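This report refers to the structure that appears directly beneath it.
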Amino acid sequence: MSARVAALCAELGPGAMLPGERELSGRFGVSRATVRKALEELMARRVVERRHGAGTFVRRPAVAQPLMATSFGDDMRRRGLEPSSRLLWWDTVVADTELAGRLEMPGGEAVLRVCRVRLADGEPMTLETLHAPAERVPGLTGEDLEGAASYYDILVTRFGRRIRSGTQSVAPVVLEAHEADLLGVPPGDAALRFVRTSRDQHGEVVERVESLARGDRYLIEMDIMPPRDGAEPVSSGAMP
């Protein structure tokens with residue numbers, strides 16, 4: 001039975017909503033218990049997913065996240081998805097010693113903070129908070145980063161700054177209720193926490209981004225190289 005429902009999923013396509021158990025039972029001429037068991041098997045195989053209060057949907061394939069300095073928008077478009085952002089809030093704060101150190105700026109100066117939900121084809125993908133030294137992006141506001149706007153593009157066109165290097169860490173986390181709600185997944189779902197610090201061509205930090213990416217939609221993608229003769233291998237990340 002699970003093979004027949006899987007075939008229907010392939011016909012409907014990623015993101016499509018499946019008919020209810022009663023309709024599937026009538027379509028395939030089996031009991032609802034048999035349908036329910038088949039759906040549970042497909043959930044375990046990550047073919048379908050249940051969304052609380054909405055129904056059962058064909059699971060979209062996970063998006064591979066390369067460990068490189070690419071913008072969210074460029075990454076999504078490269079995978080055939082249309083990126084956008086929903087602004088949640090923005091403000092400016094005075095940098096304390098810890099934040100100033102992370103942004104490599106003097107303490108007591110202003111920092112722009114922007115919190116957005118990043119979407120692909122209208123579906124929430126990440127919950128992201130940007131920190132940027134206000135002096136390095138004068139006049140920038142959260143409204144400038146809503147919709148299809150790209151922070152990296154604005155850095156180039158308005159401020160003449162290009163991302164040239166950076167560091168990024170990745171760790172698994174469990175989503176709290178408000179985070180899960182914004183990402184459209186059940187509370188307690190797994191996620192990946194990215195923390196990225198990027199520098200421009202002058203070596204100045206122009207962003208520190210903390211983002212939560214849905215665990216069901218992201219994979220980590222990295223290049224690996226064999227060690228040089230006589231050299232010890234160098235690890236750039238962890239793989240399962």
Side-chain angles (χ1 to χ4, degrees), residues 14-18 43-44 46 48-65 67 71-73 75-76 79 81-96 98-100 102-103 110-134 137 140-152 154 167-198 207-220:
M17 182 177 180
L18 288 175
M43 286 180 62
R46 301 179 68 83
V48 302
E49 61 183 355
R50 284 201 180 117
R51 300 178 190 169
H52 182 69
T56 303
F57 294 79
V58 182
R59 183 182 288 272
R60 295 181 184 273
V63 173
Q65 170 67 35
L67 295 180
S71 70
F72 175 85
D75 195 33
M76 293 301 106
R79 301 172 199 288
L81 303 171
E82 184 62 32
S84 62
S85 298
R86 185 170 74 247
L87 178 66
L88 298 179
W89 57 265
W90 73 276
D91 63 9
T92 56
V93 295
V94 175
D96 59 17
E98 180 181 1
L99 182 57
R102 289 173 174 172
L103 294 174
V111 173
L112 171 69
R113 300 189 304 180
V114 182
C115 185
R116 298 178 289 172
V117 176
R118 311 303 300 273
L119 307 103
D121 286 351
E123 181 181 9
M125 297 288 283
T126 66
L127 175 60
E128 175 186 287
T129 304
L130 164 72
H131 300 76
V137 288
L140 188 68
T141 70
E143 280 83 2
D144 295 323
L145 299 177
E146 195 164 14
S150 164
Y151 179 59
Y152 285 10
I154 291 174
T167 58
Q168 181 167 260
S169 65
V170 188
V173 296
V174 174
L175 293 171
E176 297 182 4
H178 72 283
E179 298 165 339
D181 183 58
L182 290 168
L183 290 173
V185 297
D189 262 22
L192 294 172
R193 181 175 184 265
F194 292 88
V195 179
R196 182 175 71 252
T197 301
S198 302
E207 69 166 0
R208 178 180 171 83
V209 177
E210 300 176 9
S211 59
L212 293 172
R214 286 174 48 173
D216 64 334
R217 294 301 313 276
Y218 270 81
L219 298 173
I220 303 301

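No experiment lies behind these values; they were computed from the predicted model shown.
Summarising the geometry of L182 relative to V117, their closest heavy-atom pair is O-CG1, 4.1 Å, with the distance given to 0.1 Å. When all heavy atoms of A149 and I154 are compared, the pair lying nearest together is CB-CD1, 4.5 Å. Looking at every heavy atom in both residues, A177 comes nearest to P187 through CA-CB, 4.1 Å. Taking each heavy atom of T126 and L183 in turn, the nearest pair found is C-CD2, 3.6 Å.
Remark: T197 OG1 to H131 NE2 distance equals 10.5 Å, nearest 0.5 Å. Atom SG in C115 sits 10.0 Å away from atom CG in D91 (nearest 0.5 Å). Interatomic distance, L127 CG to R116 CZ, rounded to the nearest 0.5 Å: 11.0 Å. One distance of note links CZ of R196 with CD of E210; it measures 11.0 Å at 0.5 Å rounding. One distance of note links CG of L145 with CH2 of W90; it measures 10.0 Å at 0.5 Å rounding.
Here the side chains of L87 and V114 are in contact, with some heavy-atom distance below 4.5 Å. Put simply, the side chain of D144 does not reach to within 4.5 Å of the side chain of Y151, judged on heavy atoms. Annotation: side chain of R113 is in contact with side chain of V93 (closest heavy-atom distance under 4.5 Å). Contact check for L99 versus V111: side-chain heavy atoms found under the 4.5 Å cut-off.
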Check: Under the side chain to side chain contact (heavy atoms under 4.5 Å, CB included) criterion, do M17 and T56 qualify, and how do the steps go?
Finding: CA-CA 6 Å; M17 182 177 180; T56 303; over 6 Å; no
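Remark: E123 engages R51, R60, R214, R217 in a side-chain contact (heavy atoms from CB on, under 4.5 Å) (not counting sequence neighbours). Residues satisfying the side-chain hydrogen bond (donor to acceptor under 3.5 Å, both in side chains) test with S84, not counting sequence neighbours, are none. In this structure R86 satisfies the salt bridge (Lys or Arg N to Asp or Glu O under 4.0 Å) test with no other residue, sequence neighbours excluded. With sequence neighbours excluded, the residues forming a side-chain contact (heavy atoms from CB on, under 4.5 Å) with V173 are A191, R193, L212, listed by chain and number. Partners of A120 under the side-chain contact (heavy atoms from CB on, under 4.5 Å) rule, at least two apart in sequence or in another chain, are M76, L81, M125. For D181, there are no side-chain hydrogen bond (donor to acceptor under 3.5 Å, both in side chains) partners, not counting sequence neighbours. Considering only residues two or more places apart in sequence or on other chains, D121 meets the salt bridge (Lys or Arg N to Asp or Glu O under 4.0 Å) condition with none of them. A search for side-chain hydrogen bond (donor to acceptor under 3.5 Å, both in side chains) contacts involving R118 returns S85, E128, not counting sequence neighbours. In this view, A190 satisfies the side-chain contact (heavy atoms from CB on, under 4.5 Å) rule with no residue, not counting sequence neighbours.
Just one residue in the list Q168, E207, R208 forms a side-chain hydrogen bond (donor to acceptor under 3.5 Å, both in side chains) with S198, and that residue is E207.
Checked by atom type and distance alone, the side chain of E146 never pairs as donor or acceptor with a backbone atom of E143 at under 3.5 Å.
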